[in-house]
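Worksheet: one structure, shown below.
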Amino acid sequence: MAVVRVEQQARDTGETGKTGGTREVPERRKPSAPAGPGQPTGVAFRTAARMLGLMQREFELAEQLGEVRTVTTPAGRRVAREELARLTGAEGFPEALRARLRVVGTAEGAQLLGITPGRLTRLARGGFFAPARFYVNRYRRVVWLYLATDLEEFATREPDLLTGRTPPGLSASLAAGEDARAEGWRARRIDQLLSRTRDPWARAGVLAAVLGPDELAVAVGDPHDRDHVRELRPALVPVRPVAAAARKVIDEVQTAEGPQEILRYRVALADAVRKARRVRPAPRPDAAVAPLPNCRTRPPGRSAGRPRGLWRRLVGKR
């Protein structure tokens, strides 16, 4: 997940985020017995995190990566007890699960691959691997975090890129100022959210989450369809900081940029809306408003031009 945090949050949780730092591990609980009649299916995320011995940010990342499968219930998204039993009974638990969730910054990632931080940054900007998370530091700068497993898989797949001169194509794109990290994170996040739902309108809402108002209007011309899609947009970053400057940085990271990326999401959204319409139309406001009674309408049998009752007395007629 792309979790936005501030440095104080890391200190408050007892997790330093640095190599060799301390880490407080929550006490694990055994999965409870299957739910009885009338009891909610599964457990809430916070409880599931404690059962798995994960910090809250680790659990959020696990849920988004599909390491922890969740289900939709009337009480919201929860973790089934069978899923908790599967995870806690897996070989190497909990160390193996936590290893798959390990994220590293540039310096630690470079040390992991045996390269310089500058080389890792160039490879990341070139799009050879996508960030898994980010946060905004005290200087309002984006700090990217990568899955350690992604970096290790890249090193195995492309060992030649870890040594020697930077490939000419990559050098040219970097010289032109290209940086694929934000786009890679957006693509990864959108894929995660699309994997959660099969509902066609919800999928359209996911694709709309990275488009600004103008681009959304171009992709979805019908105002009712557009309003419905806008209401269904999920939060790419569920936790937003208080500071307005940090929120602005996050909004920039979440919004598609560059003509090719924008066009790709616009085309995908337009196609998703067409498919959703074939399943069911978007909600429309009720236009069948009952007409107001016409106060000039005369009751049957009453002639025109002959005021009656109080009105006749007021005009002096007997």
Side-chain angles (χ1 to χ4, degrees), residues 1-4 41 45 60-79 127 129-134 142 178-240 247-289:
M1 160 183 118
V3 172
V4 177
T41 302
F45 283 5
E60 290 167 352
L61 180 60
E63 189 266 337
Q64 292 188 356
L65 294 175
E67 293 286 349
V68 178
R69 297 191 292 263
T70 60
V71 294
T72 301
T73 73
R77 295 191 68 83
R78 300 170 78 89
V79 182
F129 39 83
R133 295 163 63 175
F134 73 89
V142 175
E178 296 182 11
D179 189 342
R181 288 176 293 183
E183 181 177 351
W185 172 80
R186 286 188 290 268
R188 183 174 206 152
R189 190 75 180 96
I190 292 300
D191 286 344
Q192 291 167 351
L193 292 168
L194 287 175
S195 68
R196 291 182 176 183
T197 180
R198 299 252 180 215
D199 180 81
W201 281 109
R203 292 176 69 84
V206 170
L207 294 168
V210 296
L211 293 176
D214 295 339
E215 300 300 339
L216 181 58
V218 172
V220 187
D222 185 277
H224 301 300
D225 291 345
R226 188 165 58 249
D227 288 344
H228 190 45
V229 167
R230 189 182 295 114
E231 291 173 356
L232 293 173
R233 288 183 300 182
L236 300 188
V237 178
V239 180
R240 295 175 62 81
R247 290 199 303 270
K248 181 180 178 181
V249 175
I250 294 167
D251 290 340
E252 291 173 352
V253 173
Q254 294 182 114
T255 305
E257 59 181 356
Q260 292 184 347
E261 184 188 11
I262 291 173
L263 178 61
R264 185 169 66 252
Y265 282 112
R266 272 182 15 198
V267 170
L269 175 57
D271 183 61
V273 170
R274 281 194 296 269
K275 293 178 179 177
R277 283 198 199 108
R278 290 198 290 266
V279 175
R280 65 180 183 275
R284 254 58 174 174
D286 188 4
V289 179

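Because the structure is predicted, anything quoted here is derived from the model rather than measured. For reference, positions follow the sequence shown, starting with 1.
For residues 250-269, no residue pair satisfies the ring pair (Phe, Tyr, Trp, His ring centres under 6.0 Å) rule, not counting sequence neighbours. Under the salt bridge (charged side-chain N to carboxylate O under 4.0 Å, His left out) criterion, the residue pairs touching residues 198-213 are D199-R280, with sequence neighbours excluded.
At a threshold of 4.5 Å between non-hydrogen side-chain atoms, the residues F45 and V68 do not count as touching. I190 is listed as a side-chain neighbour of L236, based on a closest heavy-atom distance under 4.5 Å. The shortest side-chain heavy-atom distance between E215 and L269 does not fall under the 4.5 Å cut-off. With a 4.5 Å cut-off on side-chain heavy atoms, R277 and W201 count as touching. Looking at V229 and R226, their side chains never come closer than 4.5 Å, going by heavy atoms from C-beta outward. Under the 4.5 Å side-chain criterion, counting only non-hydrogen atoms from C-beta, D225 is in contact with R284.
In terms of heavy-atom proximity, A270 sits nearest to A219 at CB-O, 3.6 Å. Among all heavy-atom pairs drawn from A208 and R233, the shortest one is O-CD, 3.5 Å. Here the shortest heavy-atom pairing between R181 and D179 reads NH2-OD2, 2.7 Å. The two residues L216 and L211 have their closest heavy-atom pair at N-CB, 4.3 Å. Across R189 and A235, no two heavy atoms sit closer than the pair NH2-O, 3.7 Å. Nearest approach of L207 to A268, heavy atoms of both residues: CD1-O, 3.6 Å.
Atoms CG and CG, from L232 and D227 in turn, are 11.0 Å apart once rounded to the nearest 0.5 Å. Note that CD of E63 and CD of Q192 are 9.0 Å apart. Values are rounded to the nearest 0.5 Å. Once rounded to the nearest 0.5 Å, the distance linking CZ of R196 with OG1 of T72 reads 8.5 Å.
Listed for the R78 side chain is no donor-acceptor partner under 3.5 Å among the backbone atoms of T73.
Ion pairing between R188 and D191 fails under the 4.0 Å rule for side-chain N and carboxylate O. A salt bridge is defined here as a Lys NZ or Arg NE, NH1 or NH2 lying under 4.0 Å from an Asp or Glu carboxylate O, and K248 with D251 fails to meet this definition.
Residues passing the side chain to side chain contact (heavy atoms under 4.5 Å, CB included) test with E183 are R186, E261, R264, sequence neighbours excluded.
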